[in-house]
Amino acid sequence: MQVIEGRINRKKAGLWIILGTLFIAINFYRLIFETSNKIILVFQLIVGFCWVCYGIYQLKNNVIKIKWDHHKLTIKYLDRKAIEYNAKEITSFVVTRNNLIVNSGKANGEMIEIKFFNSKQKQELQLLQKEINEI
């Protein structure tokens with residue numbers, strides 16, 4: 001069974017880290033220099049740290065796995081259930097520069113952003129495309 005593992009969109013994770021850091025900095029400043037309610041500011045600092053931790057979690061775990069054998073294709077995102085396609089039911093499998101498009105009948109398919117895959121992973125997908133289209 002072939003396994004292709006690659007990272008997907010990193011921009012969302014960076015956004016959580018930037019917003020969390022900004023939220024921490026603003027509320028830390030307010031905690032030190034202003035005389036507002038300290039309990040609320042401490043709570044907001046905790047929220048900011050949670051945002052940063054969530055961004056780091058997303059940055060490290062934004063992986064997609066594409067598994068292939070001669071009978072089925074499995075696509076597994078980190079936060080979703082695995083999607084399986086039988087090899088005979090796949091009507092089209094297209095690899096473009098930024099996307100992977102799998103179509104399996106009417107209204108059953110998946111479009112995956114592969115913009116962050118490296119060149120070796122994209123070459124493996126091209127080989128997989130040739131193999132699937134031969135079936």
Side-chain angles (χ1 to χ4, degrees):
M1 176 177 277
Q2 291 179 326
V3 177
I4 302 169
E5 186 173 311
R7 297 206 174 269
I8 52 178
N9 196 347
R10 298 178 186 174
K11 293 178 184 175
K12 292 178 185 176
L15 179 68
W16 283 107
I17 293 171
I18 291 169
L19 287 177
T21 305
L22 186 65
F23 203 67
I24 290 169
I26 290 170
N27 286 306
F28 190 71
Y29 173 82
R30 290 179 60 203
L31 184 67
I32 293 174
F33 296 112
E34 291 182 8
T35 58
S36 57
N37 192 348
K38 303 290 185 194
I39 295 171
I40 292 174
L41 291 176
V42 169
F43 176 73
Q44 289 176 343
L45 281 173
I46 293 170
V47 168
F49 280 114
C50 290
W51 285 359
V52 170
C53 291
Y54 181 67
I56 292 170
Y57 171 78
Q58 275 194 336
L59 190 63
K60 291 186 176 192
N61 296 314
N62 62 350
V63 175
I64 183 169
K65 292 183 182 177
I66 302 169
K67 296 180 185 178
W68 166 257
D69 61 8
H70 297 289
H71 304 293
K72 68 179 177 178
L73 172 75
T74 306
I75 300 171
K76 174 71 174 105
Y77 289 97
L78 173 73
D79 56 348
R80 285 198 252 168
K81 197 172 162 181
I83 304 167
E84 293 185 358
Y85 299 102
N86 290 328
K88 296 188 188 255
E89 294 176 357
I90 296 175
T91 56
S92 69
F93 186 92
V94 180
V95 179
T96 63
R97 199 173 100 219
N98 292 329
N99 295 311
L100 166 66
I101 304 164
V102 181
N103 191 1
S104 175
K106 294 182 179 179
N108 188 14
E110 190 74 20
M111 184 171 175
I112 302 162
E113 184 180 32
I114 59 170
K115 185 170 28 175
F116 299 104
F117 280 31
N118 62 30
S119 60
K120 182 183 175 197
Q121 293 165 331
K122 288 184 180 179
Q123 287 175 354
E124 289 177 7
L125 285 173
Q126 293 285 346
L127 293 173
L128 180 60
Q129 178 182 6
K130 289 178 184 173
E131 188 177 333
I132 288 176
N133 289 335
E134 288 175 0
I135 292 179

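Since we're looking at a predicted model, the values are computed, not measured.
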Novice: To the nearest 0.5 Å, what is the distance between NZ on Lys76 and CD1 on Ile66?
Specialist: 13.0 Å
Novice: Does atom NZ of Lys60 have more than 12 heavy-atom neighbours from other groups under 6.0 Å away?
Specialist: no
Novice: Looking only at non-hydrogen atoms, find the nearest pair between Lys122 and Lys115 and report the distance.
Specialist: NZ-O, 4.1 Å
Novice: Do the side-chain N and O atoms of Gln58 and Tyr54 include a donor-acceptor pair separated by under 3.5 angstrom?
Specialist: yes
Novice: How many angstroms lie between CD in Gln121 and CD1 in Ile4, if you round to the nearest 0.5 Å?
Specialist: 8.0 Å
Novice: Rounded to the nearest 0.5 Å, what separation is found between the CD1 atom of Ile83 and the OG atom of Ser104?
Specialist: 11.0 Å
Novice: Any side-chain heavy-atom pair from Leu73 and Leu128 closer than 4.5 angstrom?
Specialist: yes
Novice: Just how far is it from atom OG of Ser36 to atom CG of Leu41, taken to the nearest 0.5 Å?
Specialist: 4.0 Å
Novice: According to a 4.5 Å side-chain heavy-atom criterion applied to Ile, Leu, Val, Met, Phe, Trp and Tyr, with indirect links allowed, do Val47 and Trp16 form part of one hydrophobic cluster?
Specialist: yes
Novice: Report whether Ile39 and Phe43 are members of the same hydrophobic cluster (ILVMFWY, side-chain heavy atoms less than 4.5 Å apart, transitive linking).
Specialist: no
Novice: Indicate the atoms forming the closest heavy-atom contact of Leu45 with Leu31, along with that distance.
Specialist: CD1-CD2, 3.7 Å
Novice: Does Ile46 share a hydrophobic cluster with Ile17, counting links as ILVMFWY side-chain heavy atoms below 4.5 Å and allowing steps through other members?
Specialist: yes
Novice: Which heavy atom of Gly55 sits nearest a heavy atom of Ala13, and at what distance?
Specialist: O-CB, 3.4 Å
Novice: Output the distance between atom OG1 (Thr35) and atom CZ (Arg30), rounded to the nearest 0.5 Å.
Specialist: 10.5 Å
Novice: Just by distance, do the side chain of Asp69 and the backbone of His71 share a donor-acceptor pair under 3.5 Å?
Specialist: yes
Novice: Grouping I, L, V, M, F, W and Y whenever their side-chain heavy atoms are under 4.5 Å apart, do Ile56 and Phe49 come out in a common cluster?
Specialist: yes
Novice: Counting N and O atoms only, with roles assigned by atom type, does the side chain of Asn86 sit under 3.5 Å from a partner on the main chain of Lys88, one being a donor and the other an acceptor?
Specialist: no
Novice: Can you label the angle between the Trp51 ring and the Phe23 ring as parallel, tilted or perpendicular, going by 30° and 60°?
Specialist: tilted
Novice: Measuring from atom CE of Met111 to atom CG of Asn103, what distance do you get when rounded to the nearest 0.5 angstrom?
Specialist: 12.0 Å
Novice: Looking at Tyr85 and Glu110, what are the two nearest heavy atoms and their distance?
Specialist: OH-CB, 3.4 Å
Novice: I want to check something: taking the side chain as every heavy atom from C-beta on, are Glu131 and Gln2 in contact at a cut-off of under 4.5 Å?
Specialist: yes
Novice: Tell me whether Val42 shares a hydrophobic cluster with Tyr29, the cluster being built from Ile, Leu, Val, Met, Phe, Trp, Tyr side chains joined at under 4.5 Å.
Specialist: yes
Novice: I'd like to check Leu125 versus Leu100 (side-chain heavy atoms, cut-off strictly below 4.5 Å). Are they in contact?
Specialist: yes
Novice: Using a 4.5 Å cut-off on heavy atoms from C-beta on, say whether the side chain of Ile75 contacts that of Val102.
Specialist: yes
Novice: Is the CD1 atom of Ile32 crowded by more than 12 outside heavy atoms at less than 6.0 Å?
Specialist: yes
Novice: Are Val3 and Trp68 side-chain neighbours, meaning at least one heavy-atom pair lies under 4.5 Å?
Specialist: no
Novice: Under 4.5 Å between any side-chain heavy atoms of Val52 and Thr21, yes or no?
Specialist: yes
Novice: Can you confirm whether Thr96 sits close enough to Val94 that some side-chain heavy atom of one is under 4.5 Å from a side-chain heavy atom of the other?
Specialist: yes
